[in-house]
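The next block holds one structure in the form of structure tokens; read it before the comments.
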Amino acid sequence: MLIAITREVSPAIGNCELTHLKRETIDVGVAQAQHRQYEDCLAALGCEIHRLPVEPDLPDSVFVEDCAVVLDELAIITRPGADSRQPETASIARALEPYRKLCAIQAPGTVDGGDVLRIGKTIYVGLSSRSNQSAIEQMESFSRPYGYTVKGVAVNGCLHLKSAVTQVAKDTLLVNRNWVDADAFGDMRLIEVDAAEPYGGNALLVNETVIYPTSFPRTRQRLAEHGIPLMLVDVSELAKAEGAVTCCSLVFQHEG
Ligand code: CIR
């Protein structure tokens with residue numbers, strides 16, 4: 001069974017962290033409606049949705065991806081790089097406890113799940129403003145017993161590694177080469193975002209279909225031309241909070 005952990009958009013989302021974007025007014029009602037459509041996409045692709053209660057005091061709490069890295073064998077509770085986001089992890093740990101053995105990143109380590117891209121047994125971690133070498137070393141010691149290798153990857157110009165690169169098929173990555181060196185990922189097939197759509201690199205692969213924002217029609221066309229099955233969703237209001245499609249869920253397999 002595929003589980004997707006999500007959390008309702010906080011009414012405080014207007015006070016979210018912003019790194020590369022200017023603050024714009026966010027319509028909470030629209031953001032909540034878009035988030036529900038996003039959950040509908042996950043459900044249509046076979047996920048059972050576990051929606052956590054709203055956190056009125058935690059503006060970025062809809063972006064649950066940043067709070068954990070769920071591997072088949074264990075879940076690593078992160079220590080988010082923005083102080084305002086660190087209180088988000090406790091409830092995510094409680095939600096994951098029934099499904100995985102847990103371990104947690106400790107200070108001085110910081111890492112956001114948005115910086116973590118797992119491809120097979122390799123875990124790539126973006127060295128962004130949110131994630132550091134100490135967290136990489138801790139992730140390595142947690143995951144090495146299960147055969148994983150952890151590699152730091154430089155990212156420039158964007159918030160997270162997965163703002164720049166995501167997996168869209170077993171052997172294929174979608175990438176913005178201006179923000180990350182695509183050679184870091186070995187011999188994966190690469191699809192580049194359209195130059196006019198730098199934020200188009202974040203796509204969510206679920207059961208061989210890619211959940212993809214409606215805002216990037218040119219890159220969407222490229223994905224379609226490469227035979228990638230797509231399910232489109234409008235997340236434009238969440239994008240004003242510097243979020244995209246991977247960040248709003250933690251999707252994992254549960255044999256239960
Ligand atoms: C932040 O700056 O932390 C939030 N406003 C956006 C987080 C987006 N997370 C993600 O892409 N994994």
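Counting convention: from 1, in listed order, for ligands and their atoms alike. Predicted model, so just to flag it, every value in this text is computed and none were measured.
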What is the nearest protein non-hydrogen atom to [atom], stated with its residue, atom name and distance?
{"atom": "atom 12 (N) of ligand 1", "value": "Glu65 OE1, 2.7 Å"}
{"atom": "atom 8 (C) of ligand 1", "value": "Glu242 O, 3.4 Å"}
{"atom": "atom 11 (O) of ligand 1", "value": "Cys247 CB, 3.2 Å"}
{"atom": "atom 4 (C) of ligand 1", "value": "Asp60 OD1, 3.1 Å"}
{"atom": "atom 9 (N) of ligand 1", "value": "Asp66 OD2, 2.8 Å"}

Q | Working for side-chain contact (heavy atoms from CB on, under 4.5 Å), residues Cys103 and Ile76 | A | CA-CA 5 Å; Cys103 49; Ile76 301 171; 3.8 Å; yes
Q. Would Leu117 end up clustered with Val180 when hydrophobic side chains under 4.5 Å apart are linked, directly or stepwise?
A. yes
Q: Classify the contact between Glu17 and ligand 1 as side chain, backbone, both or neither, using a heavy-atom distance cut-off of under 4.0 Å.
A: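 For Glu17, the contact with ligand 1 is made by both the backbone and the side chain.
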Q: Determine, step by step, whether Phe142 and Ile105 satisfy the side-chain contact (heavy atoms from CB on, under 4.5 Å) criterion, reporting the C-alpha distance in whole Å, the side-chain angles of both residues, the deciding distance to 0.1 Å, and the verdict.
A: CA-CA 9 Å; Phe142 294 143; Ile105 301 292; 4.0 Å; yes
Q) Which ILVMFWY residues can you reach from Val235 by hopping between side chains whose heavy atoms are under 4.5 Å apart? A)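 Besides Val235, the hydrophobic cluster comprises Leu2, Val9, Ile13, Ile26, Val28, Tyr38, Leu42, Leu45, Ile49, Val62, Phe63, Leu204, Val206, Ile211, Met231, Val233, Leu238, Val245, Val251, listed by chain and residue number.
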Q: Please say which of Glu255, His50, Gln253 ends up in a side-chain hydrogen bond (donor to acceptor under 3.5 Å, both in side chains) with Tyr99.
A: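 When side-chain hydrogen bond (donor to acceptor under 3.5 Å, both in side chains) is applied between Tyr99 and each of Glu255, His50, Gln253, only His50 qualifies.
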(Q) Apply side-chain contact (heavy atoms from CB on, under 4.5 Å) to residues Ile123 and Leu71 and explain how you reach the verdict. (A) CA-CA 10 Å; Ile123 301 171; Leu71 304 175; 4.0 Å; yes
(Q) So if I count the atoms of ligand 1 from 1 in the order they appear, which ones are less than 4.0 Å from some heavy atom of Arg130? (A)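 Counting atoms of ligand 1 from 1, those under 4.0 Å from Arg130 are 1 (C), 2 (O), 3 (O).
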Q) Does ligand 1 have any atom sitting under 4.0 Å from a heavy atom of Ala241? A)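 Yes; Ala241 lies near enough to ligand 1 that a heavy-atom distance drops under 4.0 Å.
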Q. Going by heavy atoms in the side chains, are Gln106 and Arg79 under 4.5 Å from each other?
A.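 Of all side-chain heavy-atom pairs linking Arg79 with Gln106, none is under 4.5 Å.
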Q) Any N or O on Asp112 sitting closer than 3.5 Å to an N or O of ligand 1? A)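 No, no N or O pair falls under 3.5 Å.
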